[in-house]
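For reference, the structure is listed below as structure tokens.
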Amino acid sequence: MNYEQIIQLALERGFYFPSCEIYSDASAGFWEYGPSGVSLKNKFIELWRRELVRRDRMWEIDGSQIMSQSVFTASGHLSSFADPIITCQKCKSIFRADKLIAEVTSIVVPENAEIEQFDRVISEKDVRCPKCKGSFDNAKKFNMMFKVGIGPQSEAAYLRPETCQSIFVDFPRLYKTMRGRLPIGVAQIGKSFRNEISPRQSLLRLREFYQAEIEVFCNPNKLNEIDRFSEVENTEIRLMVDDDTIKQVTCREALESGMLPNKLVTYYLALLVEFYQKTGIDVSKSRFRKLGDKEKAFYASVAFDFEVETTIGWLELVACNYRSDYDLKNHENISKEKFEVLDDNIKVLPHVFELSMGIDRSLYTILEHSFREDKEHDRVVLSLKPYLAPIHVGILSLVKKDGLAEKTEEVFSKIRTGYDAFLDHSGAIGRRYRRLDEVGAPFAVTIDHQTLQDDTVTIRTRDSMNQERIKISDLESHLSKETRFP
RNA sequence: GCGGAGUUAGUCCAGCCCGGCACGACGUCAGCUUCCCAAGCUGAAGGUCGCGGGUUCAAAUCCCGCACUCCGCACCA
């Protein structure tokens, strides 16, 4: 229900835990997924593939995590993904140089100005530390990308700070070989790396994290020629634009009222909501928040954050950026590769609309929104959607003796390769049910004395705690029906 | 990075002031018992007390440094 309970569940039940925790030099901002977490993550990704990649006939790629320096020269990350910082010589406080100068002197030095400009203003205006009045060291650029050295000469390269650059640099080849027409969605799941100044709150701000990104390449003159829009015109989404109120409207209303700029953007925001609804996240606690000019990333011309309310506040799960031709134009200039494509026999440099999803944050939110305390039955239940549950079914013997254990293993063997099943003989039956509830297993099959006579078992449903008796021969079709993706 | 609070078994924690065998609960495992919702009994495993250094005959405890976690500030492509 709240952050502390989720982190405790994560630690106790193998969802996630700190990386390298046995060593004291382990850095903050790195976490690992245990067996339950991996199982949940894999199923979440499969749902994403079904609801976005396959539904919209996107292409999925898997790019390198280390990318050449030129990529980030072109993308702007080498110059813009860095903050000018100054350190107080006396108290060691760190400030953003541009912000402090603007505050104290009202002089605006652009964030990406040459480093000497900051030093000059600081010495001319005698800018001092607001905390202790100490003077500053020379300004430095703090780039949030991790630099790596390739080969014996340690040639500079970087761990990608967002997965999408692979998609941009691969686009010319993909377009030539994969036989698509605009609009084209290209998707990728993978890790990104950012040297955050202060990582916090486990999965919510990591230095190494999973993104599921989708870049939709489109003709900027045809943003309202999206046939598939009709599939989502009645889908309800919650929007926060221009003021602080959230309005729940259908996609058609959002478009007609001008709250959203065009059919293409509206269509993909709708796909996102429909996807998240199926993850079990409570979308009545969600909103698309339109970002103001100051909040937007340097490459975005229009941006919406998909945010969900949690016990620690509104959490950004997806950044939806209209990147226009920013990336393709820059890669074209630096690489000399052609990025133009033919659309209706007219050459066009595609624009890009991006859905950049944080997987780790999404998984946290799913856990928090699924976690409940059932006080009446004195239990903790993770009411995950059956198709996302780390364990689909527990296979339990009511007692170990009288041949029940052997019969239970026989049932387990029948389904172990098709489902995530957990075999358990030991302890009281109620205790075993409780443990399964806590990792979100939607079903528990129990082998009892009657099973030996007529080959039937009981199957217990997690949320209702109801049990029904079914034939072992019907077990697979029952599980298949109940754990199927929607 | 700054300020505050912390770090002891899988989890929660006592012990620290005032140095002398690291306490308890939950959980886990095995056995017995019951046999459909965390019962009970018996037993067991599990600890470099965050890391490193110092003081001391002796350090979880006192001192110094560092790391990490949480809260606040700042940062957040």
Side-chain angles (χ1 to χ4, degrees), chain A residues 3-5 7-14 17-31 34 72 75-88 90-96 99-100 103 111-112 129-132 142-145 160-162 164-165 192-202 204-207 211 295-300 303 305 312 316 319 321 356 374 376-380 396-402 404 425-438 444-450 457-460 462 465-467 469:
Chain A
Y3 179 81
E4 282 73 26
Q5 288 172 298
I7 190 105
Q8 186 165 340
L9 177 79
L11 292 171
E12 282 183 352
R13 297 291 174 207
F17 45 86
S19 178
C20 310
E21 60 180 335
I22 64 168
Y23 287 107
S24 62
D25 63 348
S27 297
F30 300 93
W31 288 68
F72 303 109
S75 72
H77 282 87
L78 274 174
S79 54
S80 302
F81 199 60
D83 294 333
I85 54 168
I86 43 178
T87 307
C88 171
K90 198 167 146 199
C91 73
K92 303 294 174 197
S93 293
I94 291 186
F95 299 90
R96 278 276 297 261
K99 292 199 172 176
L100 187 67
E103 218 170 90
E111 191 184 328
N112 49 6
C129 173
K131 283 186 182 165
C132 73
F142 175 70
N143 195 294
M144 303 218 335
M145 284 196 293
R160 60 185 181 187
E162 51 179 9
C164 61
Q165 291 304 325
S192 291
F193 304 82
R194 295 179 191 175
N195 199 357
E196 295 284 352
I197 295 170
S198 57
R200 283 280 163 87
Q201 290 172 314
S202 59
L204 305 187
R205 195 185 303 165
L206 295 159
R207 287 185 167 133
Q211 290 187 302
E295 278 186 292
K296 285 186 307 199
F298 62 87
Y299 46 67
D305 276 354
I312 48 174
E316 177 195 339
N321 297 305
S356 173
D374 179 358
E376 187 190 347
H377 299 104
D378 192 25
R379 61 178 189 152
V380 162
L396 319 176
S397 48
L398 186 60
V399 294
K400 245 184 281 191
K401 57 189 180 184
D402 303 332
L404 289 187
H425 296 304
S426 71
I429 191 75
R431 177 187 298 270
R432 285 178 275 162
Y433 288 146
R434 292 296 187 283
R435 266 194 300 239
L436 288 167
D437 289 341
E438 215 175 319
V445 166
T446 305
I447 283 76
D448 57 18
H449 291 95
Q450 194 180 329
V457 293
T458 62
I459 184 159
R460 168 191 184 267
R462 176 194 64 206
M465 298 172 76
N466 286 338
Q467 284 180 294
R469 187 165 279 279

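Chain A is the first sequence line, chain B the second, and so forth, proteins listed ahead of strands; every chain is numbered from 1. This structure is a prediction, so every number in the text was calculated from the model and none was measured.
Shortest non-hydrogen contact noted between A:Phe72 and A:Arg160 is CZ-CA, 3.8 Å. Pairing each heavy atom of A:Leu11 with each of A:Pro18, the nearest pair is CD2-CD, 4.1 Å. The shortest heavy-atom contact between A:Asp378 and A:Arg434 is O-NE, 3.6 Å. Taking all atoms of both residues into account, the shortest heavy-atom contact from A:Phe17 to A:Trp31 is C-CE3, 3.2 Å. Nearest heavy atoms, A:Ser356 versus A:Gln211: OG-NE2, 3.3 Å.
Across the protein-nucleic acid pair, A:Lys400 atom NZ and B:C32 atom P stand 7 Å apart, rounded to whole Å. Regarding A:Arg205, its CZ atom lies at a distance of 12 Å from the C1' atom of B:C73, rounded to whole Å. Per the geometry, CG belonging to A:Asp378 stands 11 Å off P belonging to B:G27, to the nearest Å. The CD-C1' distance, from A:Gln211 to B:C76, rounds to 14 Å in whole Å. Rounded to whole Å, atom P of B:C68 lies 7 Å from atom CZ of A:Arg207. Rounded to whole Å, atom C1' of B:C12 lies 13 Å from atom CD of A:Gln5. Counting to the nearest Å, the P atom of B:C37 and the CZ atom of A:Arg379 are 13 Å from each other. Put simply, CG on A:Leu11 is 14 Å from C1' on B:A9, counting in whole angstrom units.
Residues A:Arg13 and A:Arg435 form a side-chain contact, since some pair of their non-hydrogen atoms from C-beta on lies under 4.5 Å apart. Within the 4.5 Å cutoff, the side chain of A:Leu404 has no heavy atoms near those of the A:His425 side chain.
Checked against side-chain contact (heavy atoms from CB on, under 4.5 Å), A:Glu12 has the following partners two or more places apart in sequence or in another chain: A:Gln8, A:Glu438.
Rounded to whole Å, the separation between the C1' atoms of B:C13 and B:C41 comes to 26 Å. For B:C26 and B:C18, the P atoms lie 34 Å apart once the distance is rounded to whole Å. Taking atom P on both nucleotides, B:U11 is separated from B:U48 by 12 Å, rounded to a whole Å. Remark: the separation of the C1' atoms in B:A45 and B:C2 is 45 Å, to the nearest Å. Comparing B:G15 with B:C62, their C1' atoms sit 16 Å apart, to the nearest whole Å. Rounded to a whole angstrom, the distance from the C1' atom of B:C51 to that of B:G20 is 25 Å. The same atom, P, is picked in B:C76 and in B:A9; the two are 37 Å apart, to the nearest Å. For the P atoms, the distance linking B:A22 with B:G50 amounts to 14 Å, nearest Å.
Comparing atom distances between the A:Glu438 side chain and each of B:U34, B:C36, B:A38 picks out B:A38 as nearest. Here the side chain of A:Ser426 is nearest to one of B:C37, B:C29, B:C35, namely B:C29.
Where RNA chain B pairs in unbroken runs of 3 or more (Watson-Crick or G-U, both distances under 3.5 Å), the stems are B:1-7 with B:67-73, B:10-12 with B:24-26, B:28-32 with B:40-44, B:50-54 with B:62-66.
Salt-bridge annotation for A:Asp374 and A:Arg462: absent, with no side-chain N of the basic residue lying under 4.0 Å from a carboxylate O of the acidic one.
Of the two residues near RNA chain B, A:Arg435 and A:Gly29, the one whose nearest nucleotide lies more 5' is A:Arg435. Mapping A:Glu12 and A:Ala428 onto RNA chain B via the closest heavy atom, the residue that lands nearer the 5' end is A:Glu12.
Within the nucleic acid shown, A:Arg432 has no heavy atom closer than 4.0 Å to any nucleic acid atom. The residue A:Glu4 sits apart from the nucleic acid: no heavy atom pair falls under 4.0 Å. Note on A:Thr458: a base of the nucleic acid sits closer than 4.0 angstrom, heavy atoms only.
No hydrogens or angles were tested; on distance alone, a donor-acceptor pair under 3.5 Å links the side chain of A:Asp448 to the base of B:C36.
Note on A:Arg431: a side-chain N or O is less than 4.0 Å away from OP1 or OP2 of B:G27.
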